[in-house]
Amino acid sequence: MSGIIKSNSSTTGNEQVKSTESFNRNLSKPEKLKSLSDIELNVIELDQNKKNIGYVSAVFLILNRVVGTGIFSVTSSIYLLSLSVGATLLLWAAGSIIALAGLYVYMEFGSAIPRNGGEKNYLEYIFHSQKFLITSMYASYVLLLGWAAGNSIVAGEYLLNAAGQTVTQWNSRGIGIAVITFAFLVHSANIKAGLYLQNFLGLFKIGIIAFISVTGWVALGGGIKNDNFQPTGNFSNAFDGPSPTGYGIVTSLYNVIWSFIGYSNVNYALGEVRNPTKTLKTSAPIAIVLISIIYMFVNIAYFAVVPKEEIGTSGRILAGSFFRFAFGETAEKASSVFVGLSAVGNVLSVIFSQGRIVQQLGREGVLPFSSFFASTRPFNTPATGLFEHWLICVITIVAPPPGDAYNFVMNLISYPLNVINTAVAFGLLYIHYKDYKQIDLWKPPIRTYDVVILFFGLASLYLIIAPYIPPDDGQNVYNDLPYWIHPVVTWGVFGIGVVYYLVWGVFLPKRGGYYLAVKEFLGEDGFWRNKIFKIPNGENENSYIEQHRYEND
């Protein structure tokens, strides 16, 4: 496979070590090209672990990660903020286009660097001169944010609604903790069992969404006949209503983008994918195009069945309102079970990927107790990485004030991801520029058009800047928290990574008389991993690493 890494391998003892430069060193210092005749096609050495993920599992990794509770819960708030049916549907279409553009950006990087870790690997390549700084910032972002917390909470709300229980802030959080705990235990015990369960719930989820979509078309054709349903007329003069405010558009887009988060989910586990380039090229676009179509059909169905007034007040139980109007009270309770199981499938997919990112950061050797986080014991799974994400999710579920937990978690995931996406997109444009000028080699198996990358970068940049616009009266998404809380917390999280780098990567080496160097080794579990060495000033780097490379394994 054409790639970007120069690799010469030799085997010593129980490990295979690259003989001159490590993966990240070659990745971070590409050779300058004097002419086309000087170009040497380089090959990245793939992980030697067992590959459990094929085409179907890759589709469902994306589908389960993307289709959680967003499509069942956020249309109500989007409608309230966009102020018309037509504007709501346009925002969902815009979100689909942004997600598809982002997918192709990540497909290019994934085909060039087909290893576990996702954007961590790509950011290290882009910002090679400050590799340890970037890795430290990314590590704080991964370690301190509870990605699976939001859908765990919504799963609790829907399951309680199905049981006929009054949903409170604390009983929904309790069920949410049970959901994330279940996902942690399943993936920690057996990788294949977790994947099979994800795939099953993914099929189940597709069936629910298809049923909602068909019901919407039946309603538009006048085929629903019951006492609860009356034609809504929501598509007559669909753009009637006040013009949406800037804050309303931005917040609505955040809700839509949050509903598409996960289009790059396979990139986090590419080291476990059979034939990663072909899988990316085939499975990822299928998943996102399918999701975009069904999202639009589901929203059309909501407006075809549920009156606008009910949509505006239904909140996160919109899918339940849909089934009540279409089929009656009993169907509403049944639908809550369906949506709750959909949320469980999403939580399973999220913690599956996040656990592997934490594990990969442990393999990089940047984290404190890196060998602990890199471990696959006791079940040959990333149990320690999964546990770390479980712990952060539990804290995230419990910590925010009542009434603001869900929206805060949702925005705290979306905002930093937009920061990452902006850096990745504009970084890839710069890489394309250097390749065009024959400065550095970049010949990935999948290549994306510059206009697509630019569009994704500008959309992500807009979503970074716009949340600082003050809301109009009555449009703040929080009850008690300030509107700017999630951008500020995001920069604080990245700031923790900067402080860690300054202490670990700058201050301590200067005071201790050493510098940091990194070499990559093939571990016993089949994954390439970095090992960071503290080289005393004046020591020969290669001989020191050869003498000390087995320490602390």
Side-chain angles (χ1 to χ4, degrees), residues 69-96 154 157-158 161 167 208-209 211-259 292-329 331-333 335-336 338-339 406-407 410 471-477 479:
T69 57
I71 188 58
F72 302 116
S73 60
V74 302
T75 295
S76 175
S77 59
I78 293 171
Y79 171 71
L80 286 175
L81 290 164
S82 62
L83 304 176
S84 73
V85 173
T88 300
L89 296 177
L90 285 179
L91 285 166
W92 277 102
S96 300
V154 176
E157 291 182 348
Y158 271 98
N161 190 57
V167 177
I208 298 169
I209 292 176
F211 183 75
I212 292 175
S213 300
V214 171
T215 302
W217 292 114
V218 171
L220 288 174
I224 296 181
K225 308 291 184 183
N226 63 58
D227 294 337
N228 294 307
F229 175 76
Q230 294 292 331
T232 62
N234 286 337
F235 296 104
S236 299
N237 300 316
F239 288 93
D240 274 357
S243 299
T245 65
Y247 180 84
I249 292 174
V250 171
T251 308
S252 296
L253 269 177
Y254 262 94
N255 286 324
V256 174
I257 293 298
W258 182 80
S259 300
S292 299
I293 293 171
I294 60 180
Y295 270 12
M296 188 59 68
F297 281 173
V298 168
N299 278 286
I300 290 172
Y302 288 153
F303 286 111
V305 172
V306 184
K308 286 188 288 189
E309 298 77 14
E310 178 76 14
I311 290 176
T313 59
S314 60
R316 294 193 292 273
I317 313 295
L318 175 58
S321 299
F322 172 86
F323 276 88
R324 172 163 49 84
F325 277 96
F327 304 108
E329 300 290 339
E332 179 181 10
K333 289 189 176 182
S335 72
S336 294
F338 301 156
V339 178
Y406 179 80
N407 287 330
M410 181 180 67
D472 292 339
D473 290 341
Q475 286 199 318
N476 194 351
V477 295
N479 296 325

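- For the pairing with Ser336, the side-chain contact (heavy atoms from CB on, under 4.5 Å) check across Phe323, Phe72, Tyr158 returns one residue only, Tyr158.
- Counting all heavy atoms, side chain and backbone alike, Leu89 lies closest to Met296 at O-CE, 3.5 Å.
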> Given Ile71 and Asn299, is the side chain to side chain contact (heavy atoms under 4.5 Å, CB included) satisfied, shown in steps?
Replying inline: CA-CA 8 Å; Ile71 188 58; Asn299 278 286; 3.5 Å; yes
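- Here the straight-line distance linking atom OG of Ser259 with atom OH of Tyr295 works out to 5.5 Å at 0.5 Å rounding.
- With values rounded to the nearest 0.5 angstrom, Ser252 atom OG is found 11.5 Å from Leu90 atom CG.
- Note that the CG atom of Asn255 and the CD1 atom of Ile78 stand 5.0 Å from one another [nearest 0.5 Å].
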Side-chain polar contacts of residues 212-219 - donor-acceptor pairs under 3.5 angstrom, sequence neighbours left out - could you list them?
{"unit_1": "Ser213", "atom_1": "OG", "unit_2": "Ile209", "atom_2": "O", "d": "2.9"}
{"unit_1": "Thr215", "atom_1": "OG1", "unit_2": "Phe211", "atom_2": "O", "d": "2.8"}

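- Inter-residue side-chain proximity for Pro307 and Phe325 is flagged as met; some heavy-atom pair is nearer than 4.5 Å.
- Between the CZ atom of Phe322 and the CZ atom of Phe229 there is a distance of 9.0 Å, given to the nearest 0.5 Å.
- Heavy atoms only, all atoms of each residue included: Thr232 and Phe303 are closest at OG1-O, 2.7 Å.
- Note that NZ of Lys308 is 6.5 Å distant from CG of Asp240, once rounded to the nearest 0.5 Å.
- Ser335 and Ala319 get closest at one heavy-atom pair: OG-O, 4.0 Å.
- Counting all heavy atoms, side chain and backbone alike, Phe235 lies closest to Ala304 at CE1-N, 3.8 Å.
- Between atom CD1 of residue Ile257 and atom OG of residue Ser96 there is a gap of 9.0 Å, rounded to the nearest 0.5 Å.
- Annotation for Gly95 and Val256: closest pair CA-CG1, 3.5 Å, computed over non-hydrogen atoms.
- Closest approach of Phe239 to Gly86, counting heavy atoms only: CE2-C, 3.3 Å.
- At least one donor-acceptor pair closer than 3.5 Å links the side chain of Asn234 to the backbone N or O of Val306.
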> Can you check side chain to side chain contact (heavy atoms under 4.5 Å, CB included) on Val74 and Trp92, steps first, answer last?
Replying inline: CA-CA 11 Å; Val74 302; Trp92 277 102; 3.7 Å; yes
